[in-house]
Chemist: 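This is the structure I have questions about; it appears just below.
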Amino acid sequence: MLFKLPFEMKATCGLLNNSYRWGTPTATCPKQFSWSEAFHIPLTKISDQACYGEFTSLRVVMTEFAAAMSKLARLLARILAQNLSNHGGIIDEICYESSCFLRLNRYPACPVSAKIFGLVPHTDSDFLTILYQDEVGGLQLMKDSKWVAVKPNPDALIVNIGDLFQAWSNDVYKSVEHKVMANEQKERYSVAYFLCPSYDSLIGSCREPSTYRKFTFGEYRKQVQEDVKKMGHKVGLPRFLQSQTVDVQH
């Protein structure tokens with residue numbers, strides 16, 4: 001199994017476009033650390049045989065899964081966009097296969113699970129995320145200022161609105177804050193598909209006046225990365241409000 005390989009091999013052998021990630025290198029305290037590992041693969045590399053090494057059968061599964069998730073994500077995004085404007089095709093115009101990702105996640109059993117997140121609280125920086133999770137559970141989302149557990153359902157996928165849809169919709173659609181709680185006894189697996197635009201795509205608004213200033217996806221990602229590096233956490237959309245000063249004291 002892919003995740004059962006020795007750490008050194010996962011980190012250095014170039015599997016899945018050399019996309020292996022673990023933990024949170026920028027963390028400065030336990031609340032900023034994610035007890036997880038992942039492969040975060042661009043869709044353009046999903047069908048590349050050279051990315052799989054000895055895991056040849058994985059290529060077929062990954063290719064089929066990515067194609068199905070891409071079709072579903074675009075359909076949902078078009079419907080959501082059409083509900084707010086007459087230009088439901090805006091997503092297809094700025095989201096390409098070359099800018100979308102598939103992420104394989106593993107959350108090992110954690111002996112100090114009460115103190116460590118499997119994945120720290122955050123919002124996604126894309127338009128839409130489609131998630132498949134196994135039966136273990138641990139995913140929670142923020143609703144009405146309370147954390148709510150998302151019960152695993154083998155017959156259902158989870159769809160999260162991302163930051164870009166919130167900005168484009170002028171806050172009609174809300175980017176959902178979510179986290180994963182570590183489990184002391186069991187490891188957890190999930191697969192996520194991220195619908196992202198190209199880095200130079202300008203994220204405007206479906207209506208005026210706009211809550212947020214216009215920005216490119218590349219600009220947004222760069223700001224997120226800078227904030228995480230400096231402060232250990234993401235600030236996100238408040239950085240791009242039209243006329244408000246953002247208090248980033250933490």
Side-chain angles (χ1 to χ4, degrees), residues 43 68-103 119-133 139-148 150 156-179 192-228 233-248:
L43 251 61
M69 291 303 98
S70 178
K71 183 178 180 180
L72 177 59
R74 289 175 183 278
L75 173 62
L76 294 175
R78 283 195 297 268
I79 293 172
L80 289 168
Q82 186 67 42
N83 283 344
L84 297 183
S85 79
N86 293 323
H87 192 16
I90 182 65
I91 304 300
D92 290 319
E93 294 178 7
I94 62 176
C95 293
Y96 311 103
E97 183 177 279
S98 59
S99 57
C100 298
F101 293 85
L102 196 66
R103 182 176 175 121
L119 191 61
V120 298
H122 68 287
T123 59
D124 291 338
S125 297
D126 57 359
F127 273 104
L128 279 182
T129 303
I130 299 181
L131 179 75
Y132 171 78
Q133 63 171 340
L139 177 64
Q140 297 184 8
L141 57 83
M142 181 64 73
K143 182 179 181 182
D144 300 327
S145 300
K146 295 180 180 179
W147 287 109
V148 178
V150 180
L157 297 170
I158 297 162
V159 180
N160 285 344
I161 298 289
D163 296 344
L164 301 187
F165 237 145
Q166 178 169 333
W168 181 84
S169 70
N170 243 1
D171 288 344
V172 174
Y173 299 139
K174 299 295 185 180
S175 184
V176 61
E177 184 179 11
H178 54 286
K179 64 181 179 180
Y193 176 90
F194 299 92
L195 181 64
C196 303
S198 60
Y199 274 30
D200 60 355
S201 295
L202 192 64
I203 309 303
S205 173
C206 67
R207 60 187 66 173
E208 298 294 339
S210 177
T211 304
Y212 305 93
R213 65 177 177 83
K214 292 182 178 180
F215 56 88
T216 66
F217 183 46
E219 180 184 2
Y220 190 76
R221 285 289 301 272
K222 182 180 179 181
Q223 183 65 63
V224 168
Q225 290 167 359
E226 289 178 355
D227 286 338
V228 170
H233 65 93
K234 172 183 174 179
V235 178
L237 285 177
R239 285 285 198 194
F240 295 85
L241 291 169
Q242 285 282 13
S243 58
Q244 295 187 24
T245 301
V246 180
D247 181 7
V248 295

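Residue numbers run from 1 in the order of the sequence given. What you are looking at is a predicted structure, and each value in this text was computed from that prediction instead of being measured.
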Chemist: How about Lys214: does its NZ atom have over 12 heavy atoms from other parts shown lying under 6.0 Å from it?
Modeler: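 Incorrect, the count does not exceed 12.
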
Chemist: Do Tyr193 and Leu128 have side chains that get closer than 4.5 Å, going by heavy atoms?
Modeler: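 With C-beta onward as the side chain, the pair stays apart.
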
Chemist: Pick from Phe215, Tyr96, Phe217: which one makes a ring pair (Phe, Tyr, Trp, His ring centres under 6.0 Å) with Tyr199?
Modeler: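 Single pass found, and it is Phe217.
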
Chemist: Answer whether the closest heavy-atom distance between the side chains of Phe165 and Ile91 falls below 4.5 Å.
Modeler: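 In contact.
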
Chemist: Are the side chains of Met69 and Leu157 in contact, using a 4.5 Å heavy-atom criterion?
Modeler: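 Result yes, sub-4.5 Å side-chain heavy-atom pair found.
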
Chemist: How far apart are the closest heavy atoms of Asn86 and Gln82, and which atoms are they?
Modeler: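 The pair with the smallest heavy-atom distance is CA-NE2, 3.8 Å.
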
Chemist: Are the side chain of Asn170 and the backbone of Thr211 linked by a donor-acceptor contact shorter than 3.5 Å?
Modeler: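 It does hold such a pair.
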
Chemist: So Cys95 and Arg74, do their side chains get closer than 4.5 Å, heavy atoms only?
Modeler: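 Touching, per the 4.5 Å side-chain cut-off.
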
Chemist: At what distance, to the nearest 0.5 angstrom, does CG of Leu131 lie from CG of Leu139?
Modeler: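 CG of Leu139 is found 6.5 Å from CG of Leu131.
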
Chemist: State whether the side chain of Gln242 and the backbone N or O of Tyr212 hold a donor-acceptor pair below 3.5 Å, judged by distance alone.
Modeler: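 Yes: the side chain of Gln242 pairs with the backbone of Tyr212.
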
Chemist: Can you tell if the side chain of Leu237 reaches within under 4.5 Å of the side chain of Leu241, non-hydrogen atoms only?
Modeler: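 No, too far: nothing below the 4.5 Å cut-off.
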
Chemist: Is the shortest side-chain N to carboxylate O distance from Arg239 to Glu226 below 4.0 Å?
Modeler: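 The answer is no: the pair does not qualify as a salt bridge.
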
Chemist: Can you check side-chain contact (heavy atoms from CB on, under 4.5 Å) on Gln140 and His178, steps first, answer last?
Modeler: CA-CA 6 Å; Gln140 297 184 8; His178 54 286; over 6 Å; no

Chemist: Nearest 0.5 Å, what's the CZ-OG distance between Phe194 and Ser99?
Modeler: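 Here the rounded value is 13.5 Å.
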
Chemist: To the closest 0.5 Å, what do you measure between OG (Ser175) and CG (Asn160)?
Modeler: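 Between Ser175 OG and Asn160 CG, I get 8.0 Å after rounding to 0.5 Å.
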
Chemist: Does the Ser205 side chain pair with the main chain of Glu208, one donor and one acceptor, at a distance under 3.5 Å?
Modeler: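 Judged by distance alone, no pair lies under 3.5 Å.
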
Chemist: Once you round to the nearest 0.5 Å, how far does SG of Cys206 lie from NE2 of His87?
Modeler: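 So the gap between those two atoms works out to 12.0 Å.
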
Chemist: So does Ser125 get a backbone contact from the side chain of Arg221, meaning a donor-acceptor N/O pair under 3.5 Å?
Modeler: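 Answer holds: no.
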
Chemist: Working to the nearest 0.5 Å, report the span between CD1 of Ile130 and CG of Leu72.
Modeler: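 Answer rounded to 0.5 Å: 4.0 Å.
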
Chemist: Any side-chain heavy atom of Lys143 within less than 4.5 Å of one from Val176?
Modeler: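 Result no, sub-4.5 Å side-chain heavy-atom pair not found.
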
Chemist: If you compare all heavy atoms of Glu177 against all heavy atoms of Pro121, which two are closest, and at what distance to 0.1 Å?
Modeler: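 Glu177 and Pro121 have their closest heavy atoms at OE2-CB, 3.6 Å.
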
Chemist: Working to the nearest 0.5 angstrom, can you tell me the gap between Ile94 CD1 and Ile203 CD1?
Modeler: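 These two atoms lie 4.5 Å from each other.
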
Chemist: Indicate the atoms forming the closest heavy-atom contact of Ile158 with Gln133, along with that distance.
Modeler: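 Nearest pair, atom of Ile158 first, then Gln133: CD1-NE2, 3.3 Å.
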
Chemist: For the residue pair Phe240 and Tyr220, does the interplanar ring angle fall in the parallel (under 30°), tilted (30 to 60°) or perpendicular (over 60°) class?
Modeler: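 Ring orientation of Phe240 relative to Tyr220: tilted.
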
Chemist: Under 4.5 Å between any side-chain heavy atoms of Thr123 and Gln166, yes or no?
Modeler: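 Not touching, per the 4.5 Å side-chain cut-off.
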
Chemist: Begin with the C-alpha distance, continue with both residues' side-chain angles, and end with the deciding distance and a verdict on side-chain contact (heavy atoms from CB on, under 4.5 Å) for Ile90 and Trp168.
Modeler: CA-CA 10 Å; Ile90 182 65; Trp168 181 84; 4.0 Å; yes

Chemist: What is the minimum heavy-atom distance between Glu97 and Leu43, and which atoms define it?
Modeler: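 The answer is O-CB, 3.3 Å.
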
Chemist: Is it true that Asp163 and Lys234 have a side-chain N and a carboxylate O under 4.0 angstrom from each other?
Modeler: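 Counted as a salt bridge, because a side-chain N and a carboxylate O are separated by less than 4.0 Å.
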
